[in-house]
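Shown next, in structure tokens, is the structure this report addresses.
Convention: sequence-line order gives letters A, B, ...; per-chain numbering from 1. These values consider heavy atoms only, across backbone and side chains, with no hydrogens, waters or symmetry-generated copies.
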Amino acid sequence: MSVRTRFAPSPTGFLHIGGARTALFCWLFARHHKAAFILRIEDTDEVRSTRESVDAILHSMNWLGLDWDEGPLLTKRDEGWDEKGSHGPYFQMKRTEHYKRYVKQLIDEGKAYPCYCTAEDIDAMRKLAESEKRNYRYDRRCRNLTADERKAREAQGKKFSVRFKMPEDGETVVDDGIRGQVHFDNKLRQDLVIQKTSGVPTYNFANVIDDHMMEVTHVVRGDEHLNNTPEQQQIYSALGFTPPKFAHLSMILGPDGAKLSKRHGATSVLEYRDQGFLPETMRNYLALLGWSTPESQQLFTQEELVAKFGLEGCQKNPATFDNAKLLWMNGEYIRTSTVDRLLEQAKPFLEKAELGSVDRKVLSTAVKLEQEKAKLLSDIPGLVEFFFREPNYDPKAVDKVLKAPGADKVVEELAVFLEKVEPFTEKSLEDAIRKFCEDTGRKTGQVFHPIRVAVSGKTTGPTLFGMLELLGKATVVARLKSAQKLCVQA
RNA sequence: GGCGCGUUCGUCUAGCGGCCUAGGACGCUGCCCUCUCAAGGCAGAGAUCAGGGGUUCAAAUCCCCUACGCGCCA
């Protein structure tokens, strides 16, 4: 049988880092096994589900390069999303008839039952248990009602939820792909609600029906679902379905050890994009959060990731998200990226800095000169800006370098000297300026630094002569001249 | 509170009974390279493997208990 797997997010918010990590692992698992990868939207939370969230999830996955074989299409139309795949629909709210059918089947077979207890009833039971210092567990008072008793309640117009009958003894063993066998004592389990009074199925039920109907063979999901798995497995067998293989991923924690959340700063995938991270960085970094190879390899191409990924390498304990390492990795990817790709990825940032329509060739060379310094795509505009407009003189740089003794003379003399350098290229500039140092008896540092600051406004920057060449003679000379007034000591 | 999961450098991790005086990566420190900044190279600090009991000739690795963290249910 062919392998099929899925990612099944609830559209109750943007795709956060934890969700993205789960999506990535599902996707890697699928691609590694050449399996079908399904994207299913679990929108049964009528209150919190939004269309914006669906959109955000779709676009986040698309940005990360996680493509799916079945599920909603990326672009939304007025009436919703078109879908692809033969096992749809892929929105749970479009599948309610199936859930109802199976709920009915379970009731008819005596494997589930209507429960007429109201929220108040449940609350009272809970309070009582608390006052008696007992653990609350639904007392199953509706489990064995006779047909007449049910009729009577319905005649009173009582609404009901539907509960699944858990076995009263024995144990349920979950054979987890990451954790191994996990044993659960059936006695201690609840009769899970599978359909709410609204008629909408609960997560744990819809999930089972869909995974079965979509012929999912492997479920890779977050740790928070491990505790629901015994109930789900019992539902599978009550329905005569073969359960899929489960694998539960550990959680991702914030720097303080608590589950990663909004108060830790950026948590949405798209926020990382907007900060200037490359999708390949996110993919690579997230893959390393809870997964590793025996060699502890750090950097992977997309293909390597797919080829090497496996559940064996997955960590059981939660991982803390580390921004410093993420940043390092992004620098790594920026450095090894082609300039063209960088330009394309940095486009929104360049446009924002009004460098969107600047000479492409100059920009390309400027980016190449500065590439190794950028940690974020959003660093790029600031690094190349001075090639296109008058520099912002950093006061510290001016104080330290231009106001240094003798700097004024250097700047003044060079404005004249560089006028004569021909051709105005990196190589001949270096030769000429070095010779200038020699002839005037100056150390190279005494000359190089003032030029740099006069021309770029900063003490840091790319290789001096390459920078001068790109700037061009006219600009260089003009800036040296205008910088002379900055050299005057107060 | 019950149940479940987890615990190796600050962080991500390697390790599946002897190769461990615990390896790699990020970060940190220093040196080298050098026109600055980066990048790169080299070196270094950093983990009594949560604690305690076993099992074994031998345990980070197997078993038990405790502590702590997290999750689910309530």
Side-chain angles (χ1 to χ4, degrees), chain A residues 122-123 125-127 129-130 132-138 171-172 174 176 178-180 182-193 203-204 222-231 248-260 284-299 312-332 334-336 369-375 379 383 397 400-401 426 429-430 433-434 437 443-453 455-456 458-468:
Chain A
I122 302 281
D123 211 46
M125 282 182 237
R126 187 177 306 148
K127 289 223 169 80
E130 223 166 277
E132 291 174 3
K133 296 210 191 286
R134 249 183 25 232
N135 260 313
Y136 164 77
R137 217 170 117 246
Y138 174 62
E171 61 172 22
T172 305
V174 175
D176 189 272
I178 293 171
R179 283 151 214 282
V182 186
H183 298 248
F184 296 89
D185 189 345
N186 292 154
K187 277 204 293 297
L188 272 14
R189 302 262 124 195
Q190 304 259 4
D191 281 353
L192 189 80
V193 175
Y203 164 82
N204 285 293
D223 205 13
E224 68 270 24
H225 294 116
L226 180 58
N227 279 286
N228 302 324
T229 313
E231 277 78 7
H248 290 92
L249 265 17
S250 58
M251 320 239 60
I252 296 180
L253 273 24
D256 58 354
K259 190 174 165 178
L260 196 67
N284 193 152
Y285 180 71
L286 253 22
L288 253 24
L289 234 37
W291 173 78
S292 61
T293 61
E295 313 78 49
S296 237
Q297 183 178 341
Q298 303 295 315
L299 267 8
E312 326 76 58
C314 288
Q315 196 74 12
K316 295 189 189 80
N317 49 306
T320 304
F321 193 86
D322 180 16
N323 258 305
K325 185 158 179 177
L326 212 217
L327 204 58
W328 160 77
M329 198 176 273
N330 205 49
E332 203 67 29
I334 286 179
R335 255 170 265 130
T336 51
L369 285 173
E370 299 279 18
Q371 184 170 10
E372 61 197 11
K373 280 181 215 46
K375 290 248 192 274
D379 291 342
L383 290 168
K400 194 177 155 214
V401 179
E426 182 166 6
L429 279 163
E430 175 155 13
I433 295 173
R434 283 191 189 279
C437 295
K443 285 190 199 147
T444 55
Q446 288 178 290
V447 175
F448 294 172
H449 297 321
I451 311 180
R452 175 180 295 286
V453 175
V455 136
S456 74
K458 305 180 286 189
T459 53
T460 65
T463 166
L464 183 64
F465 310 106
M467 174 172 121
L468 294 179

Work out how far the [atom1] atom of [N] is from that of [M], and round it to whole angstrom.
N     : M     : atom1 : value
B/U8  : B/U48 : C1'   : 12 Å
B/A39 : B/U13 : P     : 24 Å
B/C62 : B/G17 : P     : 8 Å
B/G10 : B/G18 : P     : 26 Å
B/U61 : B/G40 : P     : 37 Å
B/G53 : B/A59 : C1'   : 14 Å
B/G6  : B/A43 : P     : 38 Å
B/C16 : B/A60 : C1'   : 10 Å

May I have the list of side-chain donor-acceptor pairs in residues 458-468 of chain A shorter than 3.5 Å, sequence neighbours left out?
none

Tell me whether A/K316 at atom NZ has more than 12 heavy atoms from other residues, nucleotides or ligands lying less than 6.0 Å away.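 No - once you tally the heavy atoms of other residues, nucleotides and ligands closer than 6.0 Å, there are 12 at most.
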
Scan [X] against the nucleic acid and name what it touches under 4.0 Å (heavy atoms): base, sugar-phosphate only, or nothing.
X      : answer
A/Q297 : nothing
A/G445 : nothing
A/R452 : base
A/Q298 : base
A/R137 : nothing
A/H183 : sugar-phosphate
A/T463 : base
A/L464 : base
A/F184 : sugar-phosphate
A/K443 : nothing
A/T459 : base
A/N227 : base
A/Q190 : sugar-phosphate
A/G331 : nothing

Which residues pass the side chain to side chain donor-acceptor pair (under 3.5 Å) test with [X], not counting sequence neighbours?
X      : result
A/D176 : A/H248
A/D185 : none
A/K325 : A/Q298

Sub-3.5 Å donor-acceptor pair from the side chain of A/E224 to the main-chain atoms of A/L226, do we have one?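 No: the side chain of A/E224 does not pair with the backbone of A/L226.
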
Residue pair A/D322 / A/Y285: nearest heavy atoms and the distance that separates them: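 Taking A/D322 first and A/Y285 second, the nearest heavy atoms are N-OH, 2.8 Å.
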
Closest non-hydrogen atom pair between A/M125 and A/Y136, with its separation: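 The pair with the smallest heavy-atom distance is CB-CE1, 3.7 Å.
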
Watson-Crick or G-U wobble mate for [N], both contacts under 3.5 Å:
N     : value
B/C37 : none
B/G27 : none
B/G69 : B/C5
B/A60 : none
B/A22 : none

Given that A/E370 and A/D185 both sit by RNA chain B, which one's nearest nucleotide is further toward the 5' end?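 Nearest nucleotide further toward 5': that of A/D185.
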
5′-ward residue of the pair A/E430/A/P294 relative to RNA chain B: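 Comparing both residues, the 5'-ward one is A/P294.
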
First contact, last contact: which nucleotides of RNA chain B are these for chain A, 5' to 3', heavy-atom distance under 4.0 Å?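 Answer, 5' to 3': B/G1 to B/A74.
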
For A/S250, which residues count as a side chain to side chain contact (heavy atoms under 4.5 Å, CB included) partner, sequence neighbours excluded?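 Testing A/S250 for side chain to side chain contact (heavy atoms under 4.5 Å, CB included), a comparison that skips the adjacent residues, returns A/R21, A/R179.
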
